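Hydrogens, waters and symmetry mates play no part in the numbers below; they use all other heavy atoms, side chains included. Worth saying up front: this structure is predicted, and the values here are computed from it rather than measured.
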Amino acid sequence: MPDTTPDTTSEPLPLDAQLCFSLYSTTIAINRLYKPMLDSLGVTYPQYLVLSTLWEGDGQTITAIADRLALEPSTITPLMKRLEAAGFVSRQRNPQDERQVQVFLTAKGRGLRTRTPCLTDALLENSKLSVPQMIALNDQVQRLRLALTGRNADDGDAG
């Protein structure tokens, strides 16, 4: 049987053979799928990610949210300001450490969670993947991310 492994020493791989492009273009496709639903909820995808982080644990600091999303705190702060202006979160200085800003969900922010299962439903329906297939794919992508970032599953960042 002939070896079908691409020769990586001579020519760059075509785009469709590059995992980074496959992940990138899939992310764009998912964002396009989610956009109309997120628009109806009044949030952008990055704002949805921040809210999802807070749904996992309310009252987190800006730094903790940024770490969870693999972003810089300076990227999170403008998102927080817009989420606060829209009434989804409130920001408060930590009384034990005034340098830290904690973010708390408002009733509106907590209530939005019940309206987001449509995102997962749309992804499953449009991908034609079963729930076990989607879970297996997500597990593989998470393992790749952990390997590339030098973290392991015990670091608490497997999700």
Side-chain angles (χ1 to χ4, degrees), residues 19-20 22-159:
L19 179 60
C20 58
S22 295
L23 292 170
Y24 172 78
S25 58
T26 300
T27 299
I28 290 172
I30 291 170
N31 284 333
R32 286 183 181 149
L33 175 68
Y34 284 1
K35 187 170 182 346
M37 293 174 276
L38 291 172
D39 285 350
S40 72
L41 298 173
V43 295
T44 63
Y45 185 68
Q47 290 170 337
Y48 167 73
L49 295 178
V50 168
L51 290 169
S52 293
T53 302
L54 291 169
W55 294 330
E56 289 178 354
D58 201 7
Q60 295 184 55
T61 64
I62 298 281
T63 301
I65 294 167
D67 288 347
R68 179 71 174 102
L69 298 176
L71 296 169
E72 293 298 319
S74 60
T75 303
I76 297 297
T77 301
L79 293 172
M80 273 325 149
K81 288 180 180 178
R82 289 190 293 277
L83 284 169
E84 188 172 40
F88 293 112
V89 301
S90 66
R91 296 178 297 154
Q92 301 170 14
R93 292 264 171 214
N94 181 343
Q96 282 77 41
D97 185 349
E98 290 287 322
R99 296 170 297 174
Q100 293 182 339
V101 175
Q102 292 177 286
V103 182
F104 295 90
L105 291 162
T106 62
K108 182 179 178 180
R110 283 187 298 279
L112 192 64
R113 184 178 190 176
T114 62
R115 298 175 54 204
T116 61
C118 60
L119 299 171
T120 301
D121 295 343
L123 184 58
L124 283 168
E125 181 181 332
N126 285 274
S127 72
K128 309 294 189 243
L129 295 176
S130 67
V131 171
Q133 288 172 320
M134 188 67 71
I135 290 169
L137 176 60
N138 191 40
D139 287 346
Q140 285 185 298
V141 171
Q142 287 180 15
R143 281 195 306 275
L144 175 62
R145 183 191 74 227
L146 291 170
L148 294 174
T149 61
R151 295 182 176 185
N152 62 51
D154 297 333
D155 290 343
D157 187 20

Of the non-hydrogen atoms in [X] and [Y], which two are nearest, and what is the gap between them?
| X | Y | result |
| --- | --- | --- |
| Ser127 | Leu124 | OG-O, 3.2 Å |
| Gly57 | Gln60 | O-NE2, 2.7 Å |
| Leu129 | Met134 | CD1-CE, 3.8 Å |
| Ala66 | Pro73 | CB-N, 3.6 Å |
| Trp55 | Arg110 | NE1-CA, 4.2 Å |
| Cys118 | Met37 | O-SD, 3.6 Å |

Looking at [atom1] of [X] and [atom2] of [Y], how far apart are the two atoms once the value is rounded to the nearest 0.5 Å?
| X | Y | atom1 | atom2 | value |
| --- | --- | --- | --- | --- |
| Thr77 | Arg91 | OG1 | CZ | 7.0 Å |
| Phe88 | Thr106 | CZ | OG1 | 7.5 Å |
| Leu54 | Arg68 | CG | CZ | 11.5 Å |
| Ile30 | Asn126 | CD1 | CG | 10.5 Å |
| Gln47 | Ile76 | CD | CD1 | 10.5 Å |
| Leu123 | Leu33 | CG | CG | 6.5 Å |

Item to check | Among Thr116, Leu79, Leu51, side chain to side chain contact (heavy atoms under 4.5 Å, CB included) partner for Val43 | outcome: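 Only one of Thr116, Leu79, Leu51 forms a side chain to side chain contact (heavy atoms under 4.5 Å, CB included) with Val43, namely Leu51.
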
Next on the checklist: Would you say that more than 12 heavy atoms from the other residues, nucleotides or ligands in this model lie under 6.0 Å from the OH of Tyr24, or not?
Outcome noted: no

Note, [X] side chain near [Y] side chain (heavy atom, < 4.5 Å):
| X | Y | value |
| --- | --- | --- |
| Gln102 | Pro95 | yes |
| Lys35 | Asp39 | yes |
| Tyr48 | Leu41 | no |
| Gln92 | Val101 | no |
| Met80 | Ile65 | yes |
| Leu144 | Leu23 | yes |

Item to check | Polar contact flag, side-chain donor to acceptor under 3.5 angstrom, Glu72-Thr75 | outcome: no

Checklist entry - Once the angle between the rings of Tyr34 and Tyr45 is folded into 0 to 90°, is it parallel (under 30°), tilted (30 to 60°) or perpendicular (over 60°)? => result tilted

